[in-house]
Amino acid sequence: MELFSFYNVENLFLPDPKPVHKLDPTRSGLRNWDEKRYRNKLFKISHVFQLMKEDNGVLPFVIGLSEVSGRKVLEDLVEMEPFNSEYGIVHYNSMDERKVDVAMLYDKNKVEVIDSETITFFFEIVNKNTENYDTTRDVLFSKIKYKGEIINVFIAHLPSKREKDINKPKRTFILNEVRQRIIKIVNADKEHVILCGDFNENPDDENLVQILYDNDDEKALMNPFQQLFSTRNYSTFHYKSGLLYDQIIMSRSLLDNKTLVFQDAHIFNSEKISSRTRNFEGRPFRTYAGTRYLGGYSDHFPVFVKFKNLQ
């Protein structure tokens, strides 16, 4: 068996330098983000994957991450158990205004990275007198080899829903661009594809339904998280609403394959990483609630899919 996972880790920043003045803004935007809290956060994230390994017998061979700031935090993470420096990193700094990126970790004993790049999106000019464009987090693309099989991995963290969802056109544009790339890979190149991320949309939203189909309205991809969402399984919450923004979508070629065959999808909502407060029972134990430090893991649960390994 093999696992492929995605995790929005909620603001993984290096510790802030001590401010000169109390009211100075911090790099992270977090309150009192010091070395102790940073180390606790790293321990918590690594512990999530230790728990996942205990439950399933293996660590994921590929892990997509979002809300990481810079490469150094990833280097610090993979040094810890259960990774023990056996995991490689694919990361590029994006032009996101909050300086958070997506990244990929991979088991160096199982996976070879053939190629990687970012897909960067520039939207309308904010001020016509400057060269400042409205930018968002990049989509990370990696072409990997696993036991002779080529898998094309896309990792995304799409613009959030805020202010009456002014970002929906951006999400639509980004997903359509990614969809065109995926269609070419699936139909012309005949290679496997996995698209994972925090899409800031649920599996039944129009954008995430449309991305499953090619230009001839043939179904090219499958989203096993549609079934989980329909049975009220959630990876994150907003006030009283349960949401399944974190998903792993894949080409239908992984249903019938010689090496990896899709088995099932899961939200890793272990009690050990869930809220300790009765009012928030069954929700992720987060690091911050607003400016209040809770010391938890993340405001999202990780998600993963299981593959049967036929070789």
Side-chain angles (χ1 to χ4, degrees), residues 5-19 22-52 64-70 73-74 76-77 80 96-103 136-137 157-167 197-202 228-229 232-247 267-303:
S5 180
F6 173 80
Y7 194 15
N8 178 331
V9 295
E10 187 199 345
N11 294 327
L12 179 57
F13 284 85
L14 288 170
D16 287 320
K18 285 193 175 179
K22 270 192 173 181
L23 298 178
D24 283 351
T26 61
R27 286 182 194 168
S28 67
L30 304 173
R31 189 175 179 183
N32 300 324
W33 189 244
D34 57 18
E35 182 74 22
K36 183 178 178 182
R37 290 183 176 183
Y38 171 64
R39 290 292 158 186
N40 180 58
K41 176 84 169 179
L42 286 177
F43 169 77
K44 288 285 202 302
I45 296 168
S46 61
H47 184 56
V48 167
F49 289 100
Q50 181 64 45
L51 292 170
M52 197 181 287
L65 297 174
S66 71
E67 290 205 16
V68 297
S69 184
V73 298
L74 298 164
D76 289 347
L77 178 63
M80 302 178 73
D96 176 69
E97 60 186 17
R98 288 184 54 236
K99 305 293 187 225
V100 291
D101 315 313
V102 294
T136 186
R137 297 170 285 262
H157 184 187
L158 298 189
S160 61
K161 288 188 175 179
R162 58 183 172 85
E163 299 169 29
K164 297 182 179 177
D165 203 9
I166 59 170
N167 283 329
D198 175 351
F199 296 100
N200 270 296
E201 297 193 8
N202 288 312
L228 284 171
F229 184 64
R232 297 185 178 180
N233 288 281
Y234 309 120
S235 61
T236 190
F237 294 79
H238 183 67
Y239 295 109
K240 292 184 178 181
S241 299
L243 306 166
L244 187 44
Y245 286 171
D246 308 278
Q247 300 160 53
I267 300 160
F268 190 67
N269 53 1
S270 164
E271 282 187 13
K272 294 175 182 176
I273 65 171
S274 299
S275 177
R276 278 49 168 173
T277 308
R278 181 174 292 178
N279 289 350
F280 298 101
E281 190 176 356
R283 297 188 176 203
F285 180 24
R286 41 194 307 169
T287 308
Y288 277 88
T291 58
R292 187 161 61 95
Y293 179 69
L294 303 179
Y297 296 79
S298 171
D299 55 353
H300 290 244
F301 288 127
V303 295

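Small disclaimer: the values here were computed from a predicted structure and weren't measured.
Here Glu281 pairs with nothing under the side-chain hydrogen bond (donor to acceptor under 3.5 Å, both in side chains) rule; sequence neighbours left out. Scored by the side-chain hydrogen bond (donor to acceptor under 3.5 Å, both in side chains) test, Ser235 finds Asp246 as partners (sequence neighbours excluded). Every residue was checked against the salt bridge (Lys or Arg N to Asp or Glu O under 4.0 Å) condition with Glu10, not counting sequence neighbours, and none meets it. Residues meeting the side-chain hydrogen bond (donor to acceptor under 3.5 Å, both in side chains) test with Asp299, sequence neighbours left out: none. Evaluation of the salt bridge (Lys or Arg N to Asp or Glu O under 4.0 Å) rule for Arg31 yields no partner, not counting sequence neighbours. Checked against salt bridge (Lys or Arg N to Asp or Glu O under 4.0 Å), Glu271 has no partners two or more places apart in sequence or in another chain.
The line from CE of Met80 to CZ of Arg39 is 7.5 Å long, rounded to the nearest 0.5 Å. To the nearest 0.5 Å, the span separating OG1 on Thr287 from CZ on Phe13 amounts to 12.0 Å. To the nearest 0.5 Å, atom OH of residue Tyr7 and atom CD of residue Glu67 are 11.0 Å apart. A distance of 7.5 Å separates CZ of Phe6 from CZ of Phe199, quoted to the nearest 0.5 Å.
Using a 4.5 Å heavy-atom threshold, the side chains of Leu74 and Leu65 count as touching. Phe280 places none of its side-chain heavy atoms less than 4.5 Å from the side chain of Phe237. A heavy-atom distance below 4.5 Å is found between the side chains of Asn202 and Tyr245. Between Val100 and Arg137, some side-chain heavy-atom pair lies under the 4.5 Å cut-off. Inter-residue side-chain proximity for His300 and Asp198 is flagged as met; some heavy-atom pair is nearer than 4.5 Å. For the pair Tyr38/Asp76, a side-chain contact is recorded, criterion being any heavy-atom separation below 4.5 Å from C-beta on. By the 4.5 Å heavy-atom criterion applied to side chains, His157 and Asn200 are counted as neighbours. Under the 4.5 Å side-chain criterion, counting only non-hydrogen atoms from C-beta, Leu244 is in contact with Ile267.
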* To do: Using the side-chain contact (heavy atoms from CB on, under 4.5 Å) rule, take Phe49 and Ser5 through it: C-alpha gap first, then chi angles, then the decisive distance, then the call.
  => CA-CA 10 Å; Phe49 289 100; Ser5 180; 3.8 Å; yes
* To do: Assess whether side-chain contact (heavy atoms from CB on, under 4.5 Å) is satisfied between Leu12 and Leu42, documenting all intermediate values.
  => CA-CA 8 Å; Leu12 179 57; Leu42 286 177; 4.0 Å; yes
* To do: Test side-chain contact (heavy atoms from CB on, under 4.5 Å) on Asn167 and Ser160 and set out the steps.
  => CA-CA 7 Å; Asn167 283 329; Ser160 61; 4.3 Å; yes
* To do: For Leu30 and Asn11, run side-chain contact (heavy atoms from CB on, under 4.5 Å): C-alpha distance rounded to whole Å, both residues' side-chain angles, the deciding distance at 0.1 Å, then the answer.
  => CA-CA 9 Å; Leu30 304 173; Asn11 294 327; 3.8 Å; yes
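Between Phe43 and His47, the angle of the ring planes stays under 30°, which puts this pair in the parallel group of the 30/60° scheme. Using a 30° and 60° split on the angle between ring planes, Tyr288 and Tyr293 fall in the perpendicular class, above 60°.
Minimum heavy-atom separation, Phe268 to Val48: CE2-O, 3.8 Å. Smallest separation of non-hydrogen atoms from Asp101 and Gly70: OD2-N, 3.5 Å. Val102 and Ser66 make their closest contact through CG1-CB, 3.9 Å (heavy atoms, listed as atom of the first residue, atom of the second, distance). Between Ala103 and Val68 the shortest heavy-atom distance is CB-CG2, 4.0 Å.
Although no hydrogens or angles enter the test, the distance criterion places a donor-acceptor pair under 3.5 Å between the side chain of Lys41 and the main chain of Val9. Without hydrogens or angle criteria, Gln247 side chain to Val303 main chain gives no donor-acceptor distance under 3.5 Å. With Ser274 contributing its side chain and Phe285 its backbone, the two residues share no donor-acceptor pair below 3.5 Å. A donor-acceptor contact shorter than 3.5 Å is absent between the side chain of Lys44 and the backbone of Ile273.
Counting heavy atoms of neighbouring residues, nucleotides and ligands inside a 6.0 Å radius, atom CZ of Arg292 does not exceed 12 of them.
Inspection of the Lys36 and Asn40 side chains reveals no N or O donor paired with an N or O acceptor under 3.5 Å.
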